[in-house]
Amino acid sequence: MQGLEGIKVPVHTSNQVCSIHGIHMVYSDRFPTPFCEKCQQEELAKTKKQFDRANTEKIARNDLKRLSLVDNHSEYKHTFDNFEAQDGTKEWQMKGAARQLAGKYYQEPHLNMNVIMYGTPGEGKTHLAMAMLNAVNQYSTPPQKCIFINITSLFLAIRNSFDNPMEKWTEKYAVRTLSNADLLVIDDLGSESAMNTSKGEASQFVQRILYQVTNKQHRIIVTTNLTMDELRQTYNPKLVSRLLAGSKGSQLDFSGIKDKRY
Ligand SMILES: Nc1ncnc2c1ncn2[C@@H]1O[C@H](COP(=O)(O)OP(=O)(O)O)[C@@H](O)[C@H]1O
Ligand SMILES: [Mg+2]
Ligand SMILES: [Zn+2]
């Protein structure tokens, strides 16, 4: 008698017949309760499939940390749970709005919607953007590929790729990775413009990347310390309109919140 893993297991044929497969059940000295070998095989195949699916999902959910570029690794810990907000305050308003928008991304995986979170430093924009991404990443089934890109980190990585062949973040890799995400955070848009050593050139390759990405990617959460007018002065106006497109009703103004950094 051929066992499931190819091991010979001595079994005896029972009088009982499987009601599903219509074949005689078997039993052995170690397992005296008769069972159907076909049923057992199917059960095993089902368990294996569930295991494979769970594994695939786990790998997909790990893409967030595998593919993202954060300013600081502690930012992965930002969630709605650890965002403090007293009822009725501006923090509370922003948290509620961010939660609702995250719910939309979660419920409608193909919804084209950009979110702009703007204000001044330390107001919790990055925290809430990561909280939204973490929530969608954790709960979406099937998983949505969620990627967080701090724009200054991207700028530095790509600049590094110009003369370091080991750097994986080339312009081409960035365009592909950012375009293929199901949900993308672009954190601190405009911050890299302050790092221009040779003015123009730096923002040029970032702009070139963002221009190509926004051609295809319509689910972007942007955080920025620039005003909408400053954004238009910093970037190609056409790029800014693309980023703002589909953000009606999803532009969150954080101004008025006290700086949380000390
Ligand atoms: N309401 C909040 N509850 C808990 N931590 C907060 C809150 N707002 C901001 N922080 C923390 O303060 C720091 C600065 O916030 P951050 O989200 O980076 O601000 P911004 O992106 O607007 O400059 C982060 O460490 C963040 O986790
Ligand atoms: Mg920030
Ligand atoms: Zn059976």
Side-chain angles (χ1 to χ4, degrees), residues 1-4 11 13-28 31 33-47 68-99 101-102 115-135 147-156 184-195 206 220-228 230-231 234 243 251-262:
M1 186 68 232
Q2 188 76 5
L4 286 172
V11 292
T13 306
S14 141
N15 293 332
Q16 288 185 50
V17 170
C18 169
S19 58
I20 297 165
H21 297 103
I23 57 172
H24 279 279
M25 295 197 189
V26 297
Y27 64 96
S28 67
F31 301 101
T33 311
F35 63 93
C36 166
E37 287 178 303
K38 271 235 166 90
C39 279
Q40 198 193 34
Q41 256 168 37
E42 285 172 11
E43 198 55 42
L44 190 75
K46 206 170 93 193
T47 307
S68 293
L69 278 173
V70 289
D71 192 23
N72 181 324
H73 262 252
S74 68
E75 290 176 346
Y76 288 122
K77 296 202 184 92
H78 297 336
T79 62
F80 286 116
D81 280 347
N82 57 33
F83 187 85
E84 292 159 26
Q86 299 271 316
D87 278 18
T89 59
K90 184 104 192 223
E91 282 91 337
W92 177 81
Q93 260 179 32
M94 293 298 109
K95 183 178 180 174
R99 213 177 213 146
L101 292 166
V115 171
I116 317 286
M117 304 166 109
Y118 61 101
T120 51
E123 293 176 329
K125 299 181 297 293
T126 295
H127 189 128
L128 282 179
M130 183 62 96
M132 293 168 77
L133 200 66
N134 268 328
I147 297 174
F148 184 101
I149 299 292
N150 175 271
I151 203 82
T152 292
S153 307
L154 177 69
F155 165 79
L156 293 173
L184 172 68
V185 169
I186 294 180
D187 182 51
D188 227 353
L189 184 65
S191 61
E192 89 291 358
S193 64
M195 306 197 64
V206 170
I220 308 177
I221 300 168
V222 174
T223 84
T224 183
N225 291 328
L226 301 185
T227 63
M228 298 300 118
E230 286 168 335
L231 273 183
T234 309
L243 279 170
Q251 297 184 1
L252 309 187
D253 178 2
F254 280 65
S255 62
I257 293 178
K258 239 176 62 207
D259 191 342
K260 295 290 189 305
R261 299 161 309 157
Y262 3 82

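In listed order, ligands and their atoms are each counted from 1. For this chain, numbers begin at 1 and follow the sequence in order.
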**OP:** Give yes or no for whether the N/O distance cutoff of 3.5 Å, strictly under, is met between Ala85 and ligand 1.
**Re:** no

Subject >> Best match, Glu123, Lys258, His127: closest heavy atom to atom 5 (N) of ligand 1 >> reply: His127

**OP:** Check for a donor-acceptor pair, side chain of Lys95 on one end and backbone N or O of Phe83 on the other, with a separation under 3.5 Å.
**Re:** yes

Original post:
Short list, please: which atoms of ligand 1 are under 4.0 Å from a heavy atom of Asn82?
Top reply: 3 (N), 4 (C)

Subject >> For atom 12 (O) of ligand 1, the protein heavy atom that lies nearest, with its residue and separation >> reply: Lys260 CB, 3.5 Å

Subject >> Asn15 atom CG, over 12 foreign heavy atoms within 6.0 Å >> reply: no

Original post:
Should you measure from each heavy atom of His78, which atoms of ligand 1 turn up under 4.0 Å away?
Top reply: 27 (O)

**OP:** Of all N, O or S atoms in His21, identify the one at the shortest distance from the Zn ion (ligand 3).
**Re:** ND1

Original post:
Pick one: which of Asp187, Asn225, Asp188 meets side-chain hydrogen bond (donor to acceptor under 3.5 Å, both in side chains) with Lys125?
Top reply: Asn225

Original post:
Do the side chain of Thr234 and the main chain of Glu230 share a donor and acceptor less than 3.5 angstrom apart?
Top reply: yes

Original post:
With only distance considered, is Asn225 within less than 3.5 Å of ligand 1 through an N or O on each side?
Top reply: no

Original post:
Between Val222, Ile186, Leu189, which is the residue that forms a side chain to side chain contact (heavy atoms under 4.5 Å, CB included) with Ile116?
Top reply: Val222

Original post:
So between Thr89, Asp188, Thr126, whose heavy atom ends up nearest atom 21 (O) of ligand 1?
Top reply: Thr126

Subject >> Sub-4.5 Å side-chain heavy-atom contact between Met130 and Tyr76 >> reply: yes

Subject >> Nitrogen or oxygen atoms of Gly122 and ligand 1 under 3.5 Å apart >> reply: yes

Original post:
What's the spacing between Thr79 OG1 and Leu133 CG if we round to 0.5 Å?
Top reply: 12.5 Å

Original post:
Just distances here: any N/O of Lys125 and N/O of ligand 1 closer than 3.5 Å?
Top reply: yes

Original post:
Is it true that a side-chain atom of His78 and a backbone atom of Ala131 form a donor plus acceptor pair closer than 3.5 Å?
Top reply: no

Subject >> Options Ala131, Ala129, Pro121, Gly124, ranked by nearest heavy atom to atom 16 (P) of ligand 1, top entry >> reply: Gly124

Original post:
Can any side-chain N or O of Gln93 pair as donor or acceptor with the backbone N or O of Glu91 at less than 3.5 Å?
Top reply: no

Original post:
Quick check: does any side chain N or O of Thr224 sit under 3.5 Å from a backbone N or O of Leu226, one acting as donor and the other as acceptor?
Top reply: yes

Subject >> ligand 1 atoms in contact with Glu84 (distance to a heavy atom under 4.0 Å) >> reply: 1 (N), 2 (C), 3 (N), 4 (C)

Subject >> For atom 7 (C) of ligand 1, the protein heavy atom that lies nearest, with its residue and separation >> reply: Phe83 CE1, 3.6 Å

Subject >> Contact flag Thr126/the Mg ion (ligand 2), N/O/S atoms, threshold under 2.8 Å >> reply: yes

**OP:** Please calculate the SG(Cys36)-the Zn ion (ligand 3)-SG(Cys39) angle and round it to 10 degrees.
**Re:** 110°

**OP:** May I ask you to identify the nearest protein heavy atom to atom 14 (C) of ligand 1, giving residue, atom name and distance to one decimal place in Å?
**Re:** Arg261 CG, 3.5 Å

